[in-house]
Amino acid sequence: MPADSQDIMLKVEGLNTFYGKAQILFDMVLEVKRGEVNVLLGRNGAGKTTTLKSIMGIVAPKSGTITFKGKAINGLPPFKTCALGLGYVPEDRRIFSRLSILENFEVGKQTPREGLEPWTPERLFELFPNLGERRHHAGGTLSGGEQQMLTIARTLMGNPEMIILDEPSEGLAPVIVEQLAQTIQRLKSEGVSMLLAEQNLNFARTVCDRAYIVYLGRTHHESAIDNLSQQAYEKYCAL
Amino acid sequence: MADILEVHHLYKAFGGVKAVVDVSFNLKDGQLLAMIGPNGAGKSTCFNLINGQLRPDHGDIFIMGKNVNGSKPRDVWNLGVGRTFQITSTFASMSVLENVQMAQLSYYKRTKSLLQKVGRLYVDESMALLKLLGIEDQAERACGVLAYGDLKRVELAVALANKPKLLLMDEPTAGMGPSEAQNLMELTKDIVHTQNIGVLFTEHDMAVVFNHADRIIVLNRGELAAEGTPDEVQANEKVKEIYLGHGEPAGIGKKELIPADSKEA
Amino acid sequence: MGFYLVQFLTGLSDASALFLVACGLSLIFGVLRIVNLAHGSFYMLGAYIAFSLIAYLPQGAFFFWTGILLAALIVGLVGVILEVFLLRRLYSAPELFILFATFGVVLMVQDLSRWLFGAEDILGQMAPGLEGSIDIMGTLLPQYDIALIVIAPLILVGLWLLLNRTRWGILVRAATEDREMSSALGVNQTWLFTTVFFLGSCLAGLGGAVQLPKGGANLLMDLNMIAAAFVIVVVGGMGSIPGAYLASVIIGQLNSFGVLIFPQSTLFLMFLAMAVVLTIRPHGLFGEIEAEEHAAAQTAGTVLKPASKKVRLLGLILLILIFVLPVFVGQFTLVLMTEIALFALVSMSLYFLMTGGMVTFGHAAFFGGGAYSAALLVHHLQTPMELAIFFAPLAVGLLALIIGWFCVRLSGVYFAILTLAFAQICWSVVFQWAEFTGGDDGLLTIWPSKWASEKIVFYYLTMVLCIGGILLLRFFIFTPFGYTMRACRDSALRVDSIGINLRRHQWLAFAIAGVFAGLAGGVYVFSKGSVFPDEMAIPRSFDFLFMVLLGGVETLFGPVAGSAAYTWLHDKIARFDFWQLAIGCIFIFLVVAFPRGIAGSVHNRFGKFFED
C-alpha cells in the first residue's frame, strides 16, 4: 500500500444518493486525512446531513465509493461501519431519552481498539463533568447542552478512530459551544480524525483544518479553512 | 382594532430542553412578520404552538382576539387561518387541483357529502388560485411527482383556499433556488397586501427576510432576542452576535469566538 | 367469603398464561415493530409440545418441569426459524403484508398441529406433587393454581432484571426507542431482532406449557389467545411489561368473576373493560403516546381516475355476461357466482375503508353480524326474508358505530389490533350464548321467501343487490366524502390542518362499510340456509382482507377480481384435508412474491391499454 493512502482516513468519490426519485447528492467528493478535522459548510438542505448519513450507511448511496482506512465501506450497514472505528454524532442528538446516562454509554460501547486508550465512563466524566453528576438520570431530563455532550460521549464509548459530527454547535449557548470546541480540540490532540457538518463558520474556523463547501448536493469548493475564499463562502453558504 | 395575532409569554420545554422561553409578540393585518434565528432557536416550536400542533406549557395565544390555547390545528383553521408546512405535506395520491379542491370542500363544509361526485365542484375557484400562483399548468399532475418549488406553491394555494385572515408559513422557500424564492415571496407579498392578510413566516434565507418582511422577530435559544423593522434588526448588535459566523462578512478572517489562550484543554 | 377468595385466586392463576403470551407479544412489537399474529400459535404449540415431552420423559416433578422448559425453548427455536427465514425478508414491506404473512403462519400451524397432534382436545398431565387441592375457608383450590400464581410475578421480575441489569436488556430498550441510532452506535440489529423474537416466542411457548395441567391443549387455543393477548396489550399499553401484567390480572379477574355475573359471555366483559380503559386512556394504562405516524399500508402516488371508456365497456360486457350466465351453466356455478358476488360486496366495503387508511382485521364481525341479524330475526320472530335483509344492514351499521367509536381513536397497527379484538369478542358472544344464537350448532333452515327460493331467482336478486352496492360504494369514493377519506389516508396532519375532523369522518366511513358488509351477510344467510359462528371468526376477516390484497389495493376493480379469484381457489382447495396449510403457504408466497396483488400487477403491465 502506498504511504500516502495510509494517511487517508476517509475518502469519498463520486457519491450519488437518492431519496425515492429525488437525487440529493451529485458526485460528491471529499477526503479526511488521519488526524485531520474537516468540515462541510453549507446551507440547510445543501446535502450535508445526507452525505454524512451515506458515509455511515444509514442511507444507501446509489453509486460512488467510500473508503475508510483503505477499506471500501459503501453498502455496509451502520453497525459494521461503526465497528470499523467510525463514530457518528447525529444532528438531532437522538439520545435514548428513557435510558440513563450510563445506559446510553452502554449502548455505544465497543471493544477497545489497538493503539488507543479505551474510553470508560470515568474518563468521559472527567471530560464532561456535568454528565458525571447526573449519571443515573434519564437522558430525556437533560438540558440541550448536556444532551449534546451525552451524544458525543456515547459515540466515544465506541473508541472511534474517526468521528462524524452533524451540526454539533446547533442551538447551543456560546459557553457550551466554547466547551464543545475545547472537546473537539482535545480529541484531535489524541489523534481522532473528524468530519463535521456546520453552518457556524466561526465555530468551524476554531476547530477545523480543511473546509468543503457543499451546495445543492455537490462539493463546490475545497481549501484549508484559513484560506477559504470569502467569495465562495458568501455565494454558497451565507444567509 | 385588535391585532390579528397576539402571543403572550409563551413557554414550552421538552424534557430538560427549553425550546421556547417567555416569547411575546403581535402581528397586525396586512403585515409580514418574519421569525428568524439560528437552527434550534425555537422557531419551529413557536410556530407549532401557534398553529395548534403543540400545547404551550404556559402563556396565551390570541388569534383575532380569540384565545386558541389548547386548540387543535383544525380549530385554528376554522378561525380563518391558512398554513403551509416546512416539509411539504400534500395529499400525494391526489392531483394538484384535487388538493386545492379538498381545501375548498373543507372551507364550504362539504366533506361529509355523499350525494354527488366531486367532479367539477369548486374547480373554477381552485383553478383561479392555481393561476394566481402560476401553477395552473400543473393542475392535473399528482402531487407526488411535483418539483419542490411547485409543491410549495400548492401548499400556498391550499392555505389561501381558506380565505384566511392570518397566514402561517413555515420556511416557505426552503429548498428553492434564490430567484425562485424571491419570486414566491414577491407573489406572497402582493396577495397579502391586496387581501389584507397578516403573515407570520419563519425563514432561514436572510435575503428573503430583509427584502420582504415588514417586521422581524429574532429568536435565540428559545428567547426573543430582538424585534423591529428590518433596518433596526440589521443594526442590532445582539443579532450580529447571534449570527456571527453565519455569513456576516465582518466575521470572516477573525477567530473571536474562542480566545486563543483557551484552546488547550 | 372463601368462595370469593378462591375465585380471586383462580383469576390470578388464569392471568399467568395471559401475561406470558402478552408480554412476549409486546416485547417483539417494541423492538421489531411487527405484530406477530402467529404468537397465539406459539402458545398452542407450547401446550402440545409440552404434552408430548412430558408423556415421553420419565415420571416425576423434575422431568415434568424439564418438559415444560424444553417445550418453551423448542417454541423459541420455531420462532427463530420464522424470523430468520420469513420475517427478515419482509421488514421493509408495508406493515399489512407482514401481518398477512404471519397469519399465513397461523393457518399452517393450525393444520400442522392437527396433523401432528390430532384434532381431539387433549387433557393435560397433572404436575407431580401438585395434584391435590388446598382448602381455603371451605372452598377447594387446586394446588397447581398456586404454582401459576407464583410463576407470573417471577417472570415479571426476571424480565425486569433482564431489561434493566444486562447489556442485552439495555440494547433492547435502546432499540425500542430508536433503532437507527442504536445501529449507528454499532449494535447489530439483525442479531438483536432474532434474540428478541426468540425470547418472545419462548414466553408464548412457556405460557402454553404452564397452563397445560389446567387447560389442556386444543386447536382453538391459538386464535382465542391472540385476541385475548391483543386486548391485554391494548389495555396495558403497547410495549409496557408491567402494563401487560396489570392488564392480565384485570382480565383474569373479569373472567373469573364474570362467570358469576354473566355466564353467557365472559368475553363480553373483556370488551367492556377494554372500552372503559380506551375511553379514558387511548394508549392503554401504561402506554406512551406514539410519536411516529404509522405508514399507511397503501402506496400513495397513484391518482384514482374515473373509469376510462374501455374499462366501462369491459364492465358492461361483464354485466351482460352475469345476466345471461344462468342460461349456460348449472346450479352449482350459480351458487358459486352468488357467493363471489356477496364476497365482492364485502371486499368492496373493506376496500372503501382502506381508502381512508383504515385496515380492519375484524370485517367478519360485520359480515357475520349481518348474517346473524337476519337469521335471528327469522329464527326468533319469524320475520320474512325481505324485512330481515332490510334490517340486517341497519343492525350492523349500529354495531359498527359502537365498535368504530373506539377504533377510530387509534390508527395503523393499533387500529387493526383493536378491530380484531372486537371481532373476536363478537364471535365469542355468538359462540358462547348458545340459547340465543345456537352456539356452535349455528342457526338452520333460514330459507328465502317462496318467490326467491329458486336458485336462479335468488341469483338475480343477489346480483342486483351486490352490483348495486358495489357501484354505490364506488360512487362514494368519488364524492367529497370519498375524497376526504383518501385525504385522511394520505396525511392525517394535513387533514387536521385544513380544518377537517379526521376521527368523525373515519367513524362515519366505518358505519357505511358496516352497512354494506351487513347487507352481504344478510343475503348470504338466505343463500346458504344456515349460519355458523365461523362466519364471524378471525380467519373469515382475513379471507376478506386477502381478497382485497389479492386484487391489489390500488385499483377499484381489485376487490371484485380478488373475491372471484379467492372464492374459486378456496372452492378448489377446500376439498383437501389440510387445505389451511395450503392456503397459508399461498398467503405467504403471494405476500413475498406479489406485494401489489393481481389487479395491481395487471394494472402495472396493461394499465396503458385501458387508458383513453
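A, B, ... follow the sequence lines: proteins, then strands. Residue 1 opens every chain. Nothing here was measured: the structure is a model prediction, and the numbers come from that model.
- Note that the OG1 atom of B/T111 and the CG atom of C/L508 stand 9.5 Å from one another [nearest 0.5 Å].
- Interface residue B/E155: backbone and side-chain heavy atoms are both found under 4.5 Å from chain C.
- Counting only heavy atoms from C-beta outward, the side chains of C/I500 and B/R74 never approach each other to under 4.5 Å.
- The nearest pair of heavy atoms linking B/N78 to C/G499 is ND2-O, 3.6 Å.
- With a 4.5 Å cut-off on non-hydrogen atoms, B/V158 touches chain C through its side chain but not through its backbone.
- Using a 4.5 Å heavy-atom cutoff, the side chains of B/N51 and C/S497 are not in contact.
- Heavy-atom pairs under 4.5 Å with chain C peak, among B/R83, B/K72, B/Q53, B/K117, at B/K117.
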Problem set entry | Evaluation steps, side-chain contact (heavy atoms from CB on, under 4.5 Å), between B/F85 and C/L493 | CA-CA 10 Å; B/F85 288 75; C/L493 178 64; 3.4 Å; yes
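- For B/L105, the part lying under 4.5 angstrom from a heavy atom of chain C is the side chain only.
- Heavy atoms only, all atoms of each residue included: B/L114 and C/T479 are closest at O-CG2, 3.6 Å.
- Only the side chain of B/L121 has a heavy atom closer than 4.5 Å to any heavy atom of chain C.
- The most heavy-atom pairs under 4.5 Å with chain B, out of C/V495, C/I498, C/T484, come from C/I498.
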Exercise. Given the rule in the side-chain contact (heavy atoms from CB on, under 4.5 Å) test, do B/T90 and C/D490 qualify, once you have shown the distances and angles that lead to the verdict?
Worked result: CA-CA 8 Å; B/T90 49; C/D490 281 1; over 6 Å; no
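- Inspection of the C/Y483 and B/Q101 side chains reveals no N or O donor paired with an N or O acceptor under 3.5 Å.
- Environment of CZ in B/F62: crowded, with over 12 heavy atoms of neighbouring residues, nucleotides or ligands closer than 6.0 Å.
- No side-chain heavy atom of B/M102 sits less than 4.5 Å from a side-chain heavy atom of C/R486.
- Along residues 396-409 of chain C, no residue comes nearer than 4.5 angstrom to chain B, judged on non-hydrogen atoms.
- Both the sub-6.0 Å distance and the 45° axial angle are not jointly satisfied by B/K112 relative to the ring of C/F481.
- Put simply, the side chain of B/F91 reaches to within 4.5 Å of the side chain of C/S491, judged on heavy atoms.
- For C/I512, the part sitting under 4.5 Å from any heavy atom of chain B is the side chain, from C-beta outward, and nothing else.
- Counting heavy-atom neighbours within 6.0 Å of B/K109 NZ, excluding the residue itself, gives a total above 12.
- No more than 12 heavy atoms of other residues, nucleotides or ligands shown are found within 6.0 angstrom of NZ on B/K131.
- Remark: B/K18 NZ is loosely packed, at most 12 non-hydrogen atoms of other residues, nucleotides or ligands lying under 6.0 Å away.
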